[in-house]
Amino acid sequence: MRPAIVALALVAGCLIPDRDIRIDPGIENTGAVRVVQRSPSHSELDELCNFADYADGAGDPTFCPEVPRSRPSGLIRAEGGDFCVCPQGHDGRAIPAFDIYAEDADREGGRPKDTLYGVVLLDPDARSSTPYNAVAYGNYWEPCAAGEVVDRTDAGEVVEASLGRPSIDLWRFRIEAPGSDTVDLCNDNRGVALTPGLHNLRFMVTDREYFRPPRAKDDGAAFFPRQCGVPDLAAGATYAVIDFVFECRDGTDPAAFCDCTEEEVGG
Amino acid sequence: MLAARVAAVAIATLMLAGACIIPDSGIVVQGQFENPGTVRIVEAVAMSPEADDACADVSVELAGCPLPPLTLPFGLVGADASLCVCPAGDDNRLGFVDIYVEDPDVDDNGEPTDPIYGALLLDLPDDADDPSRFVAYENFLSPFDPAVRFTGGGAVGGYADSIARPTPQLRSWTLGRELGVDLCNDNAASKLSVGLHSLRLVVTDRPWYRPVVRDADGKVMLNDRDEPQRAPDDEALPGVVDGPAGASYAIADYVFRCDDGNMPDPGCACTPEGG
C-alpha cells in the first residue's frame with residue numbers, strides 16, 4: 001500500500017495550477033514598441049516618491065516615475081525669445097541635446113529580443129508615397145541607427161519600473177551632434193536652414209530594421225537601399241512616434257528679436 | 001512477490017511522472033503582474049509602394065500594409081488652413097477626429113480586460129503641480145468615458161490582420177462627430193487666446209489617480225493592507241496617471257496656432273455672425 005501512496009504523491013506533485021500561465025501562441029513579435037516619456041505628474045506623487053511618513057521617512061517607490069526625465073513632446077519653445085533662421089548660420093537659442101526613450105516588452109533569455117531603431121523625420125506627410133524623403137537631421141541622429149539599452153537609474157533620478165508590469169528594457173536615442181551640446185533646429189538640418197514657419201520634428205522608433213525593398217531576382221544586387229522612415233510591417237515590425245513642433249522666425253526680421261550668432265554656442 | 005509489486009509501481013510512477021515533464025519553451029508565466037500589456041496610441045504612417053507590395057506578398061488577404069485608419073496626425077495641426085479665434089465660429093475648423101488606442105491585455109476569451117481613458121490637457125506647463133487643472137475640451141473627450149472597441153475597417157486585410165503580431169485590440173474615440181472640432185473657439189464653449197497652443201493627449205489603462213487620504217495631522221492614512229488609503233472615485237484627478245495602481249499610459253500631442261479672426265486677411269474663415 002505504501003508504495004502506491006508514494007506514487008500517488010509523486011504524481012500529484014506534478015499537478016500545477018494553470019492560473020497565470022499562458023501558452024505562447026508562437027507569434028513572432030508579441031510586444032509592440034512604445035516611445036515613452038514621463039506622464040504629467042501631480043505634486044503629491046513627487047512628494048510620496050521622495051518621502052512617505054508611513055515608510056519610516058523613506059520614499060514609497062510605487063509613487064515614483066517610471067521613466068527618466070526627458071524633453072516633453074509637443075511644442076518646443078526657445079528660452080528668452082523665439083527660434084530663428086539666421087543669416088549668420090547659428091541660433092543663439094539652440095536647445096540642449098536631448099534624449100528620447102522607448103520600450104519594447106519582448107525579451108528572450110533575460111535580454112531584449114528586439115533591437116530598436118530610430119529615425120528623425122521633418123514635416124512628415126501621412127499620405128506620402130516616399131516617406132523616406134522626410135528623413136532629416138542626420139547630423140544629430142544617424143538615420144535608421146539602433147538605440148542603446150540603458151539603466152533607468154543612470155540619470156541619477158529616482159525612477160522605478162512599474163510594479164504592475166514585468167521588467168521592460170529602456171532604450172535611449174540621444175539627439176546630439178558630435179562635438180556639440182546643442183541642437184540648432186532652424187539652421188542645421190545637415191547644415192541646411194529651414195524655411196521660416198512652423199515645423200514638425202517626428203522621431204519614429206521601430207523594432208525591426210527599416211524596410212529595404214528587394215531587387216528583382218535577375219538584378220545583380222540583392223536589395224535596394226533601406227527606406228528609413230518606412231517600418232517593415234511585412235516583417236512584423238511595430239512602430240511608435242513622438243512629435244516635437246517648433247516655429248522658426250525669419251532672422252532678418254527686426255520684429256522677431258532673434259539671437260543670431262556667428263559661431264555655434266556651446267560647440 | 002512484494003519486490004515485483006514495488007518495481008511495477010515504481011515503473012508506473014516514473015512513466016506518469018515522466019509525462020509531467022513538459023518543455024518550458026512557449027509557456028509564459030505571468031506571475032504577479034496584473035497589468036502585463038501597456039496601452040499605446042496608434043496612428044497610420046506613410047508607406048512606400050514597395051513596402052505595401054511586400055505586405056501583400058505575405059498574405060493574399062492584404063492589399064497593402066495593415067495600418068490603423070488614417071486620421072488627423074499628431075504633431076502640427078493646421079498647416080493646410082489657418083485656425084482662427086472668431087467672433088462666432090471658425091469655418092476652417094477640423095472635421096471629426098478619430099483617436100486610436102490599443103491595449104493587448106485580454107482575458108481567456110480574448111476580450112480586452114482594461115478600459116482605456118483619455119484626457120486632453122491644454123498648454124500644460126512642464127512644472128505643473130496638478131495637471132488635472134489643465135484638462136480641456138471635455139465637450140469633445142470626457143476623461144471618464146472609456147474608448148470603445150473599433151469595429152470599422154474590420155474587413156479582411158485591415159489593421160486587425162497585422163503581420164506576425166497578436167491581433168491589435170483597437171479602440172477609439174471620435175471627437176466632434178456632429179459638428180467637427182473648433183479648436184480655437186470651443187474649449188467647452190470658451191475661446192482660446194491668439195497664438196500657439198499645445199494640446200496633450202494622455203491615455204491610461206487604469207482609472208485616474210485618486211489622492212491619498214490624510215488625517216488631521218496631515219499624515220497619510222493606511223488601509224488594512226498597509227497601503228495609502230485613497231480618496232473616493234469622485235475625487236479622481238483626470239490627466240494624472242495612477243502609477244501606484246499599476247497603470248500604464250501613453251502620450252501624444254497636437255500643436256496648433258490660433259490666428260486673430262478680427263485682423264484683416266490672416267487667412268481666417270470666420271463664420272458670419274448670426275450665420
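Numbers restart at 1 for each chain; the letters A, B, ... are given by sequence-line order, proteins then strands.
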Colleague: Between Leu48(A) and chain B, with a heavy-atom cut-off of 4.5 Å, which part of the residue counts as in contact: side chain, backbone, both or neither?
Modeller: side chain
Colleague: Would Arg200(B) and Ser73(A) count as a side-chain contact (heavy atoms from CB on, under 4.5 Å) if you check the C-alpha gap in whole Å, the side-chain angles of each, and the deciding distance to 0.1 Å?
Modeller: CA-CA 9 Å; Arg200(B) 169 163 292 189; Ser73(A) 56; 3.4 Å; yes
Colleague: Examine whether an atom of Arg212(A) lies under 4.5 Å from a heavy atom of chain B, and if so say whether it belongs to the side chain, the backbone or both; otherwise answer neither.
Modeller: neither
Colleague: In terms of heavy-atom proximity below 4.5 Å to chain A, should Tyr209(B) be classed as side chain, backbone, both, or neither?
Modeller: side chain
Colleague: Go through Val241(A) and Glu43(B) one step at a time and tell me if the side-chain contact (heavy atoms from CB on, under 4.5 Å) criterion holds.
Modeller: CA-CA 9 Å; Val241(A) 299; Glu43(B) 65 173 286; 3.8 Å; yes
Colleague: Quick one, Ile251(B) with Gln37(A), criterion side-chain contact (heavy atoms from CB on, under 4.5 Å). Give me CA distance, side-chain angles, the key distance, then yes/no.
Modeller: CA-CA 8 Å; Ile251(B) 291 171; Gln37(A) 60 180 306; 3.4 Å; yes
Colleague: So do Thr238(A) and Arg165(B) actually touch side chain to side chain, heavy atoms under 4.5 Å?
Modeller: yes
Colleague: Looking only at heavy atoms, which two atoms of Tyr249(B) and Ser39(A) are closest? And how far apart?
Modeller: OH-N, 3.3 Å
Colleague: For Leu196(B), is it the side chain, the backbone, both, or neither that has a heavy atom closer than 4.5 Å to a heavy atom of chain A?
Modeller: both
Colleague: Side chain, backbone, both or neither: which part of Val42(B) has an atom under 4.5 Å from a heavy atom of chain A?
Modeller: neither
Colleague: Please look at Tyr132(A) and chain B and tell me whether the side chain, the backbone, both or neither of the residue comes under 4.5 angstrom of a heavy atom of that chain.
Modeller: side chain
Colleague: When Glu44(A) is tested against each of Arg210(B), Arg214(B), Arg230(B) for salt bridge (Lys or Arg N to Asp or Glu O under 4.0 Å), which residue passes?
Modeller: Arg214(B)
Colleague: Begin with the C-alpha distance, continue with both residues' side-chain angles, and end with the deciding distance and a verdict on side-chain contact (heavy atoms from CB on, under 4.5 Å) for Leu75(A) and Val255(B).
Modeller: CA-CA 6 Å; Leu75(A) 181 61; Val255(B) 176; 3.9 Å; yes
Colleague: So for Gln227(A), is it side chain, backbone, both, or neither that comes closer than 4.5 Å to the heavy atoms of chain B?
Modeller: side chain
Colleague: Output yes when Glu50(B) and Arg226(A) qualify as a salt bridge under the 4.0 Å nitrogen-oxygen rule, no when they do not.
Modeller: no
Colleague: Identify the two heavy atoms, one from Ala46(B) and one from Pro131(A), that lie closest to each other, and give their separation to 0.1 Å.
Modeller: O-CG, 3.5 Å
Colleague: What part of Ser162(B) lies closer than 4.5 angstrom to a heavy atom of chain A: side chain, backbone, both or neither?
Modeller: neither
Colleague: If you round to the nearest 0.5 Å, how far is CG of Asp253(B) from CD1 of Ile242(A)?
Modeller: 7.5 Å
Colleague: Please classify the contact of Ala252(B) with chain A as side chain, backbone, both or neither, using a heavy-atom distance under 4.5 Å.
Modeller: neither
Colleague: Heavy-atom cut-off 4.5 Å, strictly under: side chain, backbone, both or neither for Asp126(B) against chain A?
Modeller: side chain
Colleague: Against chain B, label Phe63(A) side chain, backbone, both or neither, depending on which of its atoms sit under 4.5 Å from a heavy atom there.
Modeller: both
Colleague: Which atoms of Val241(B) are under 4.5 Å from chain A, going by heavy atoms: the side chain, the backbone, both sets, or neither?
Modeller: both
Colleague: Taking Ile41(B)'s backbone N and O only, do any of them form a donor-acceptor pair with Arg34(A)'s side chain (distance below 3.5 Å, no angle check)?
Modeller: no
Colleague: Where on Val202(B) is there a heavy atom nearer than 4.5 Å to chain A: the side chain, the backbone, both, or neither?
Modeller: side chain
Colleague: So for Thr130(A), is it side chain, backbone, both, or neither that comes closer than 4.5 Å to the heavy atoms of chain B?
Modeller: neither
Colleague: Sort by residue number and list every member of residues 74-82 of chain B having a non-hydrogen atom under 4.5 Å from chain A.
Modeller: Phe74(B), Gly75(B), Leu76(B)
Colleague: Is the side chain of Tyr54(A) donor-acceptor paired with the backbone N or O of Val220(B) at a distance under 3.5 Å, no angle test?
Modeller: no
Colleague: For chain B, which of Pro213(A), Gly236(A), Ser129(A), Pro214(A) has the most heavy-atom pairs under 4.5 Å?
Modeller: Ser129(A)
Colleague: Which bit of Leu233(A) comes within less than 4.5 Å of chain B, counting heavy atoms only: side chain, backbone, both or neither?
Modeller: both
Colleague: Side chain, backbone, both or neither: which part of Glu47(A) has an atom under 4.5 Å from a heavy atom of chain B?
Modeller: side chain
Colleague: Can you see which heavy atom on Gly218(B) is nearest to which on Asp53(A), and at what distance?
Modeller: O-OD2, 4.2 Å
Colleague: Name the region of Leu121(B), side chain, backbone, both or neither, that has any atom closer than 4.5 Å to a heavy atom of chain A.
Modeller: side chain
Colleague: Below 4.5 Å, heavy-atom pairs only: which of Pro104(B), Pro228(B), Ala44(B) has the largest tally toward chain A?
Modeller: Pro228(B)
Colleague: Which atoms of Asp60(A) come close to chain B, meaning under 4.5 Å heavy atom to heavy atom: side chain ones, backbone ones, both, or neither?
Modeller: side chain
Colleague: Quick one: what part of Ala105(A) sits under 4.5 Å from any heavy atom of chain B, side chain, backbone, both or neither?
Modeller: neither
